[in-house]
Each structure stands twice: as C-alpha cells, then as structure tokens.
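Report on the structure given below.
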Amino acid sequence: MAEEIRAEMVANVWKVVAAAGDTVAEGDTLVILESMKMEIPVVAESDGVLRQLAVNEGDVVQEGDLIAVIE
Amino acid sequence: MTTTSVSADQSTTDYRDPELRLRALFDAGSLRLLMSRDTSGVLWARGEIDGTPAIAYATDATKMGGAMGTEGCQHIVDAIDAAVRERVPVLGLWHSGGARLAEGVVALDAVGQVFAAMVRASGRVPQISVVLGPAAGGAAYGPALTDIVVMSAAGRIFVTGPEVVRSVTGEQVDMERLGGPEPHGRRSGVVHVTTKDDESALAEARKLAALLGRQGRISPADIPAEAEEGHDLSAVMPAEANRAYDVKPVVKALLDAPGVELHAKWAPNVVTTLGRFAGRTVGVIANNPMRLGGCLDASSAEKAARFVRMCDSLGVPLIVLVDVPGYLPGLGQEWDGVVRRGAKLLHAFAEAVVPRVTLVTRKAYGGAYIAMNSRSLGATAVFAWPNAEVAVMGASAAVNILHRKKLAAAPPEEREALRAQLIEEQVRVAGGVNRALEIGVVDDVIKPAETRRRIADAIAAAPAARGAHGNIPL
C-alpha cells in the first residue's frame with residue numbers, strides 16, 4: 001500500500017536528503033524543511049521504497065502538499 | 001455473585017475464549033472467575049498483574065459474536081462496581097458486535113447501564129480497554145469511555161460496519177481501514193496504544209495497570225545529584241538551537257526506565273508518556289520539535305489536556321518538558337478549533353492539583369508558554385536550563401514587528417546590519433531566561449545534569465493530592 005507523506009505545515013524546503021528509488025526505513029529523514037525558525041526533518045512513517053519525491057530544494061510547501069510517496 | 005475456581009475444562013482451543021484471554025492477562029495462577037460460565041457473552045474475574053490486584057471482564061466472542069445483552073452487561077457493571085469498591089484497576093477485553101439485536105431496546109438499555117457504570121468509575125479507578133477483535137456499535141463506545149485503549153492488530157472499532165457505510169454513503173471500505181489500528185492510532189485518537197498482536201496488547205495493558213494500580217512512592221535520594229549514565233537529558237539534544245530533534249529519547253533519559261507512550265502517532269507534536277520516575281509513576285508531557293516544529297495545535301492541545309486530566313484524577317504527578325515555538329498559525333487551525341480545543345489544555349493544567357513540575361529546555365514562546373504548565377497556571381515548580389529562552393516570541397520575529405518602520409526606512413544595504421543589531425538588543429532586553437527568573441515565573445535555572453534530582457525533589461516536597469473529577473474523553 002502506498003503511503004503519501006504530506007507537509008504538516010507551511011515551510012521552505014531546505015534540504016532534500018533522499019532520492020526517488022531509495023529504500024527507506026521508518027524514521028529515516030527524507031527532506032528537511034525550514035519553518036518557524038526551525039529545521040524540521042520530514043521522516044518516513046513506514047518501511048518501503050521511495051516511489052516519488054515531489055519537492056525540490058527552495059520550494060515552498062503549503063499544509064497538505066505532497067512531499068513523497070512510499071510503497 | 002459466585003466465586004468459582006478456574007474451570008477444569010481445558011479442552012477448548014478457540015483463541016477467542018474469554019477465559020483463555022483473561023488467564024493470559026493475569027499473572028500465572030492468579031485468575032479467579034467471579035461467575036459461572038454462562039451464555040451471557042461476558043466473563044469476569046479477579047487476578048493479579050505484576051502482583052497488584054486487578055479486576056477484568058471479557059466479552060465472549062464465541063457466544064453470538066460477543067454481542068451484549070442484559071445479562072452480559074450486568075456482569076460488566078458488576079465488574080466495574082467491584083473494582084471501584086476495592087479501589088483496583090479494571091480492564092476490559094473487547095471482541096463484540098455490539099448490542100444483541102434479538103433483545104431489542106432492552107439490550108440498548110443494558111449497554112447504556114455499562115456506559116453509566118464506566119462514567120461512575122471514571123477518575124476513581126484506572127480503566128483500561130484492550131480491543132482484540134471487532135468492537136462495533138455499543139461495544140465501540142465502551143472502550144472509548146475508559147482511560148486508555150490498547151488495540152491489537154486484529155482490533156477494529158467502528159459505530160457502523162462496512163456494509164452499512166456502503167448502503168448509506170456508497171463508500172467502499174473494509175473493516176481495517178474503517179476502524180483498525182492505523183485509522184484509530186493515527187487519525188481519530190480513539191486508540192492510545194497499538195500493538196502487533198494480542199500477546200503484546202495484553203503485555204502493554206499489564207504495564208499500564210501496574211503503573212496506575214501501584215504507583216509507588218517518590219524517592220529523590222535514589223537519584224544521584226549528577227546525572228547517571230543514560231540519564232543526561234541534554235546529551236540527546238542537538239547543539240544547535242534551531243535544529244529540530246526527537247524528544248522521545250529525552251523522555252526516556254528522564255524516566256527510570258522506558259515508559260508507555262500514549263497516542264504515539266496521533267498529534268505527535270506533543271508526547272504523552274506514563275512511566276516511573278524516582279520509583280514513582282508519573283505522567284510526562286513534552287513538546288516534540290521533530291513534528292510541526294513542536295508547535296501546539298488543536299489536536300495536540302486536546303491530547304495533552306486529556307492526559308493531564310487523567311493523571312490528575314488518578315493522582316499521578318506530572319512532569320512537563322517545554323520546547324515550544326508557539327501555537328501553529330493558519331486558517332486550518334482556526335477552523336479546526338485551536339481556540340476551543342487549546343482552551344482545554346489551559347483548563348486542565350489550571351485545575352490540576354497533583355504535583356506538576358515544568359522544565360523549559362530551550363524555548364517557551366507566547367500563548368504556548370502559558371499553556372505548558374506555566375507558573376501562572378499553578379505549576380508546582382518551573383525550572384529552566386541555562387540557555388533557555390522564555391519570551392512572547394523569538395527575538396528576530398519580535399524585531400520584525402516592533403521595528404517594522406525603522407527597518408523599512410533604513411537603506412536596503414544597511415537593513416540586515418540594523419536587523420542584526422536590533423535582534424542583539426532584543427535578546428539582551430527581553431530574551432533569555434533572566435527576565436523570567438527576575439519576575440518569578442521561572443523558579444530556578446538548573447544544570448541539565450542535575451535535572452532529574454531537582455525535579456524529584458520538587459515533586460517530593462509538594463503535598464500529594466488527587467483531583468476530584470472524572471476523566472471525560474476530551
């Protein structure tokens with residue numbers, strides 16, 4: 001089952017750590033966002049393969065925007 | 001009420017057998033059935049959990065799918081009332097399709113009496129539910145009214161099943177997606193603890209019953225003045241102040257041994273954990289900067305509020321670890337009731353009479369500072385680490401608002417230099433922890449290494465008390 005990871009809050013995409021096709025485990029950092037003066041890692045919430053990474057460094061994401069899809 | 005010894009018939013192998021489930025819940029050899037086995041669909045018993053007396057009831061899924069009728073409901077009421085009389089935890093093992101249709105409205109009345117018994121017991125004895133199979137309709141609200149709900153992988157909770165949903169709304173959905181551990185553990189907040197199988201669900205329920213049923217005495221002398229190995233809270237935090245981190249290892253370092261986290265996946269920006277601290281059961285509430293930057297929002301405020309009220313009603317002291325940038329801004333939050341649901345946390349802390357100690361590790365800003373068990377809400381003690389900042393907002397954000405005109409008027413090439421200078425000034429005047437210490441909203445600045453000892457001393461010095469209220473499932 002594919003799991004979509006969406007932005008929890010408005011933020012800048014500061015760093016993209018993982019790439020599409022990577023095998024990830026629960027808790028692995030995929031992307032680091034910057035918001036509220038904090039660097040906030042976005043982590044995988046399940047084990048799987050990163051099917052899609054929908055953001056690039058410098059993007060601004062809104063709450064609910066797709067960041068990644070894990071299968 | 002009759003007391004019988006454990007039934008001699010061991011031939012049954014149905015895993016849904018309530019006697020097997022109750023036996024697996026209690027310490028080996030401690031199970032005593034408090035009724036003869038019958039066709040009511042419920043069995044209840046007394047036993048010990050880690051040596052602590054407890055009472056438990058189980059719906060009998062081998063009888064009409066565990067459906068609840070008059071007799072069965074009366075057994076549950078008897079179990080809950082007995083637990084209140086004896087002041088012991090009461091646990092419910094759920095696997096039930098809801099009220100018995102054949103009994104009609106009589107069964108509804110009986111289920112309603114179960115709910116009333118649960119509310120009578122609320123805040124008087126710990127009530128823990130373990131959902132091992134489907135718990136539908138009336139059986140859904142039973143667990144929901146108790147203090148803590150544990151769900152095994154096969155557990156399902158819903159008001160109406162997939163077929164009714166399909167016929168009414170046209171939605172195609174299976175039982176797991178409708179009411180399994182994933183939706184209830186992550187989205188609805190109905191379930192506090194999810195586990196991979198029945199065995200671990202019962203193990204978690206046992207831990208919780210032991211924590212709440214035998215809370216122990218706090219013993220600060222058992223904690224060295226300087227942090228022992230594995231208990232230095234600052235060692236698991238990042239050096240950079242703007243780097244987010246997972247607060248769970250900090251909570252782990254605070255406690256004597258790993259506790260049981262409640263609602264781990266729902267509203268994860270605040271962490272609520274029961275565990276032992278200096279030998280005594282405590283509740284820990286901590287902002288988690290890893291999620292939503294540690295901001296409070298509508299769901300996390302509600303989650304923390306319910307936890308605070310549960311602990312207060314059961315006499316469990318609270319430790320609050322604060323690192324909060326504020327309330328989450330936005331249209332979604334306002335419409336989601338961040339004001340109404342956030343107010344629950346203010347109410348919960350302000351009414352709590354148990355010892356409750358706050359530690360500001362890095363920052364406490366604005367309204368969220370007040371909400372996290374501040375001095376004004378009646379904290380027993382408020383400590384801060386040396387580099388902590390207690391302020392209305394972060395210095396740079398404050399400068400942007402206070403000096404907006406001055407910054408706009410400055411030539412563009414000088415603007416950043418001016419901003420940096422103003423921020424420095426702001427930190428000196430309003431930032432850091434000194435001003436908070438001066439006006440008494442922070443009692444003392446403490447070293448990270450002495451944190452455990454100082455918190456233990458503060459809890460031990462406060463009079464033991466217990467809130468006189470129930471634990472409504474906020």
Side-chain angles (χ1 to χ4, degrees), chain A residues 1-20 22-71, chain B residues 174 176-177 180 182 185-187 238-246 248-249 264-269 287-300 323-336 338 362-363 365-366 368 389 391 393-400 423:
Chain A
M1 202 179 93
E3 190 197 1
E4 293 181 345
I5 295 178
R6 293 182 175 275
E8 292 180 327
M9 62 199 301
V10 179
N12 301 312
V13 179
W14 182 55
K15 272 184 187 163
V16 173
V17 180
D22 286 1
T23 301
V24 294
E26 182 175 346
D28 284 359
T29 300
L30 307 176
V31 174
I32 302 178
L33 303 178
E34 190 273 316
S35 184
M36 304 287 289
K37 298 285 162 202
M38 297 271 289
E39 296 157 14
I40 304 167
V42 174
V43 299
E45 291 184 1
S46 55
D47 299 340
V49 174
L50 196 57
R51 273 288 156 247
Q52 189 192 345
L53 198 65
V55 295
N56 297 304
E57 287 180 10
D59 288 358
V60 175
V61 290
Q62 300 291 326
E63 182 186 342
D65 283 359
L66 184 69
I67 292 179
V69 179
I70 295 176
E71 256 176 19
Chain B
D174 59 20
E176 185 173 1
R177 183 144 175 270
E182 172 67 22
R186 199 187 293 276
R187 296 173 190 280
E240 307 87 344
N242 66 340
R243 178 63 58 86
Y245 59 95
D246 187 6
K248 292 178 192 184
K265 291 190 169 167
W266 178 60
N269 39 327
N287 306 114
N288 194 355
M290 191 65 140
R291 307 302 298 266
L292 289 179
C295 284
L296 281 177
D297 65 349
S299 299
S300 61
D323 185 356
V324 67
Y327 271 98
L328 189 64
L331 183 71
Q333 279 301 310
E334 300 294 344
W335 287 15
D336 207 21
V338 67
R362 294 208 306 192
K363 64 187 174 306
Y365 293 156
E389 194 182 348
M393 60 178 73
S396 58
V399 162
N400 286 341
I423 290 173

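Throughout, a chain's letter reflects where its sequence line sits, starting with A, and its residues are numbered from 1.
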So, taking the atom named CD in B/Gln333 and the one named CD in A/Glu63, what distance separates them when rounded to the nearest 0.5 Å? 7.0 Å

Residue part contacting chain A, namely of B/Arg186, when any heavy atom lies under 4.5 Å: side chain

Under 4.5 Å to a heavy atom of chain A? For B/Leu328 that would be side chain

As an exercise, state the distance from CZ of B/Arg243 to CD1 of A/Ile40, rounded to the nearest 0.5 Å. 12.0 Å

Chain B contact via A/Val43 - which portion, at a heavy-atom distance below 4.5 Å: side chain

Would you say CZ of A/Arg6 has more than 12 non-hydrogen atoms from neighbouring residues, nucleotides or ligands within 6.0 angstrom? yes

Give the member of A/Gly64, A/Pro41, A/Ser35, A/Ala7 that has the highest number of heavy-atom pairs under 4.5 Å with chain B. A/Pro41

After noting the C-alpha distance and the side-chain angles of B/Lys265 and A/Glu45, does the key distance pass the salt bridge (charged side-chain N to carboxylate O under 4.0 Å, His left out) rule? CA-CA 10 Å; B/Lys265 291 190 169 167; A/Glu45 291 184 1; over 6 Å; no

Using heavy-atom distances under 4.5 Å, tell me whether B/Pro289 contacts chain A through its side chain, its backbone, both, or neither. both

Testing the basics here: between A/Glu39 and B/Ala244, what is the closest heavy-atom pair and its distance to 0.1 Å? O-CB, 2.7 Å

